[in-house]
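Just so you know, ligand 1 is whichever comes first in the structure, and atom 1 is the first atom listed for that ligand. Only this structure's heavy atoms are used, side chains among them; waters, hydrogens and symmetry mates stay out.
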Amino acid sequence: MKKRFIYADNAATTRVSEPVLQAMMPYFTEQYGNASSIYELGRSAKKALETARETVAKSIGAEPSEIYFTSCGSESDNWAIRSVCERLTPKGKKHIITSVFEHHAILHTCQALEKNGFEVTYLPVYENGIVKPEDVKNAIREDTAIVTIMYANNEIGTIQPVEEIAAVCKEKGVIFHTDAVQAVGHVKIDVHAQGIDMLSISGHKIHAQKGVGALYVRKGIPMTNLIYGGAQERNRRAGTENLPAIVGFAKAMELANTDIEERGRKTAVLRDRLIDGILKLPRTRLNGDREKRLPGTVNISIEGVEGESLLLMLDMNGICASSGSACTSGSLDPSHVLLALGLKHEVAHGSLRLSINEDTTDEDVDYILEVVPKVVNRLRDMSPLWERICKEESV
Ligand code: PLP
């Protein structure tokens, strides 16, 4: 078997695509004006900035005036929650609803607000990794300021019933924010049609560079200042705009939303081959609902194997994958997402996330399906845990 290089960790980050890079290039060396300057070079920078805003808005069904550019998905998440909470505190709203398996950009923001007197309800996600809209409905109180539930989970890829949750929030008059960092560019989103009030996006998950993102805020929801200083981003987020990144981000949004359904269908075929192939191994389970998932995300628990060892051996075979989210690797705790599904610690430790995209080929999948069983069998041969599992099974 010839060693290949396969990047199957697109949920962690993606390669900057060639068209995105080309769109950015002039803004480094030719169109380098400051968008706040009044001469032609500045005016053309301003025009590029506003054109980018229009493109980003259009690709999620929003108005340009509803888009704030930010530096990343984490910033968008932090700003959305903190801003709503700060604005609504004087009205006696001191309660937040979220789910147990959000990204840490949400969970840690909620925990910080808990220290400031907010109460947070963490909804369960059950074995299938999906929040129930009726749980949201039952949790909403008179003093609820915001509901924040992710669009799609970063570790297991399950897609949440966002429209139903939005409808529940609307009925109760509560603001609904969704962290759509993993969903944008993979599933069609129309914020107005879906009733979403606020939505976070990150560029580096969709072939733009790292360090750029956006927050959509429905017209009529006032925002607090994130950064004080200049008048950028409608006086709410000061700082000279990162124009090359923003222009590239807009290009990436445009491309990601072209043929989105067709691309998704093709990727899902490969995803399903991966799922079926890996599940042939004994004592494995797919994490999260089989159907309601992103087209490119696979997360499988493999008993008797330790996640870090599996990743290292896959890396030796040229495969980049993940076990838990990139942000939590380096920690020895099992993933909070997998524990939320009810997995035992040792099972959660032996999980593999493969996140593929439109660049992934049939041959890549063949190769992964050749390498993973070999590596798993080798690790199991050396594992005292696997020996115990086999003994228990035979009695
Ligand atoms: N939210 C989700 C669901 C994510 O997957 C990530 C990144 O992995 C983030 C937020 C943070 O995005 P960024 O890396 O742009 O800060």
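- Residue Asp77 approaches ligand 1 through these ligand atoms, each under 4.0 Å from one of its heavy atoms: 1 (N), 10 (C).
- At least one N or O atom of Gly73, backbone or side chain, sits closer than 3.5 Å to an N or O atom of ligand 1.
- The pair Glu241-Lys46 does not meet the salt-bridge criterion, since no charged nitrogen lies less than 4.0 angstrom from a carboxylate oxygen.
- Listed by atom number, the atoms of ligand 1 under 4.0 Å from His204 heavy atoms are 13 (P), 14 (O), 15 (O).
- In this structure, Arg290 pairs ionically with Asp276, as a charged nitrogen and a carboxylate oxygen lie closer than 4.0 Å.
- Near Met150, meaning under 4.0 Å from any of its heavy atoms, are these atoms of ligand 1: 3 (C).
- Ligand 1 has at least one atom lying under 4.0 Å from a heavy atom of Lys205.
- Less than 4.0 angstrom separates some heavy atom of Gln182 from each of these atoms of ligand 1: 3 (C), 4 (C), 5 (O).
- Between Arg15 and Asp359, at least one side-chain nitrogen of the basic residue sits less than 4.0 Å from a carboxylate oxygen of the acidic one, meeting the salt-bridge criterion.
- Considering only residues two or more places apart in sequence or on other chains, Arg283 meets the salt bridge (charged side-chain N to carboxylate O under 4.0 Å, His left out) condition with Glu303, Glu393.
- Screening residues 209-223 for side chain to side chain donor-acceptor pair (under 3.5 Å), with sequence neighbours left out, gives Thr13-Lys210, Asp197-Arg218.
- In this structure, Lys170 is not positioned above the aromatic face of Phe176 in the sense of NZ or CZ being under 6.0 Å from the six-membered ring centre and within 45° of the axis.
- Within ligand 1, counting atoms from 1 as listed, the ones closer than 4.0 Å to a heavy atom of Cys72 are 13 (P), 15 (O), 16 (O).
- For ligand 1, the polar-atom distance check against Ser202 finds a nitrogen or oxygen pair separated by under 3.5 Å.
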